[in-house]
Amino acid sequence: MADRLELQGRHGKSRVRVSRVWRRPAAAGGHVIVEWNVAVSVVSDCLPSYTSDDNSTIVATDSIKNTVYVKAKECTEIVSMEEFAVILGRHFTSLYPQVSEATVTIAERPWERVVVDGKPHSHGFKLGVEKHVTEVIVKKSGNLLINSGIQGYSLLKTTQSGFEKFVRDRYTLLPDTRERIVATEVTAWWRYPFEHVSQIPSKSFCFTQRYQDVKKVLADTFFGPPDVGVYSPSVQNTLYLMAKEVLNRFPDIASVQLRMPNLHFIPVNLGNKENPGLVKFADDVYLPTDEPHGTIEAAVSRPKSKL
Ligand SMILES: O=c1[nH]c(=O)c2[nH]c(=O)[nH]c2[nH]1
């Protein structure tokens, strides 16, 4: 009976924190620093280690961790997170015959160059908020998948948002409105179309630039023009327009997934019989809360080719 059991295992190291500095002269743009939290997980044929005391085919997770630092050292030129993840994935799947696949996940701590007296500082950084993340899966054949994203991107507007004409039944209390605050913390994931290591563009920074560009398109679509904004009839509609704009603007992005919790700003009305109208809501005083919050998410992709 036991002989017929199947096992699909994987192992690796998580929360490997590494920082890499590239020390360019001030005239060339100054120092560049990245701080990455790396997770590597390999699919590896090391069945005897599960079924017996034979560890002879295990690539130790400690060695996996060490490799992250060795590869960071070897990157003498600036690399993006995505490129670094591909380097790691290629390394594990090509060096070890037993490793058929590697998944490398990286989250970047958002150190941003400071500006002093209107000038970008050559070696000073402050911590930003939203995070660039990536997940790269590399197969031994060189086939790969690159997904990148944003986490913790908090956006809010004080008007140009409403919600009306939704299902109204015996459970409904929420009134229709064309005037409310809308606030969210965007999580976005998008997939690049590269399917093999040989297809990855060589220009350094292309993924990093793309991250900045996607972030801007998401925010610009959420807010609309600076003076008048754009009306949002629902978080659902705004989410769709944000995803659609990313796909329109970037042909090298194949699909976008957005999660946009609706973080409520509840109108405050206080009063009782003796003291009616203690606080009467006039689009001014709110109770902000994220518990509970609405959960709204969707994946948007181009229609599949009918070829
Ligand atoms: O934009 C919204 N979408 C909803 O699905 C929803 N549900 C709700 O109570 N408020 C809102 N707002």
Side-chain angles (χ1 to χ4, degrees), residues 110 128-133 147-191 211-250 253-272 276-303:
V129 180
E130 64 275 3
K131 272 190 190 162
H132 184 182
V133 288
N147 284 296
S148 291
I150 298 176
Q151 282 175 358
Y153 195 24
S154 293
L155 307 176
L156 173 154
K157 54 183 193 169
T158 50
T159 189
Q160 287 287 50
S161 163
F163 186 60
E164 55 188 341
K165 301 190 185 112
F166 47 90
V167 174
R168 203 155 273 291
D169 59 17
R170 61 189 290 258
Y171 301 101
T172 311
L173 292 172
L174 191 71
D176 281 2
T177 184
R178 288 186 63 82
E179 179 59 70
R180 66 174 183 173
I181 288 178
V182 63
T184 188
E185 189 184 305
V186 179
T187 302
W189 282 99
W190 56 90
R191 186 163 58 75
Y211 166 73
Q212 297 296 350
D213 294 346
V214 170
K215 202 162 77 160
K216 179 164 166 32
V217 167
L218 289 172
D220 289 355
T221 312
F222 178 86
F223 293 122
D227 41 356
V228 290
V230 61
Y231 182 71
S232 162
S234 65
V235 173
Q236 283 86 338
N237 181 247
T238 298
L239 177 154
Y240 175 71
L241 295 177
M242 289 162 73
K244 190 170 118 179
E245 195 57 19
V246 169
L247 293 176
N248 279 348
R249 294 277 284 276
F250 307 112
I253 290 180
S255 64
V256 187
Q257 230 181 312
L258 285 177
R259 192 159 74 223
M260 291 178 46
N262 188 8
L263 306 174
H264 305 299
F265 280 67
I266 299 165
V268 172
N269 274 301
L270 297 177
N272 63 15
L278 176 63
V279 177
K280 190 164 167 12
F281 181 68
D283 296 322
D284 48 3
V285 179
Y286 300 81
L287 189 163
T289 182
D290 56 6
E291 287 184 34
H293 62 256
T295 60
I296 291 143
E297 55 186 275
V300 184
S301 47
R302 298 172 204 288

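We number each residue from 1, following the sequence as shown. Remember, it's 1-based here, ligands and their atoms both numbered in the order they're listed. What you see is a predicted model; the values in this text were computed from it and never measured.
For ligand 1, the polar-atom distance check finds no N/O of His264 at less than 3.5 Å from any of the ligand's N/O atoms. Polar contact check, Val235 against ligand 1: a nitrogen or oxygen pair lies under 3.5 Å apart.
Screening residues 149-160 for side chain to side chain donor-acceptor pair (under 3.5 Å) gives Thr159-Glu179 as the qualifying pairs, with residues at least two apart or on separate chains.
In this structure, the protein non-hydrogen atom closest to atom 9 (O) of ligand 1 is Leu174 CD2, 3.4 Å. Taking atom 3 (N) of ligand 1 as the reference point, the nearest protein heavy-atom neighbour is Gln236 OE1, 2.9 Å. In this structure, the protein non-hydrogen atom closest to atom 7 (N) of ligand 1 is Phe163 CE2, 3.5 Å. Of the protein's heavy atoms, Arg180 NH1, 3.1 Å lies nearest to atom 12 (N) of ligand 1.
Asp169 and Thr172 form a side-chain donor-acceptor contact under 3.5 Å, judged by distance and modelled atom types alone. No hydrogens or angles considered: nothing links the side chains of Ser255 and Ser301 as a donor-acceptor pair under 3.5 Å.
At a heavy-atom distance under 4.0 Å, only side-chain atoms of Asn262, from C-beta outward, approach ligand 1.
Heavy-atom contacts of Ser234 reach the following atoms of ligand 1: 1 (O) (cutoff under 4.0 Å).
In terms of modelled atom types and a separation under 3.5 Å, the side chain of Arg191 and the main chain of Ser148 share no donor-acceptor contact.
Stacking of Arg178 on the aromatic ring of Phe163 is not recorded, the 6.0 Å distance cut-off and the 45° axial limit not both being met.
Around atom NZ of Lys215, more than 12 heavy atoms belonging to other residues, nucleotides or ligands sit under 6.0 Å away.
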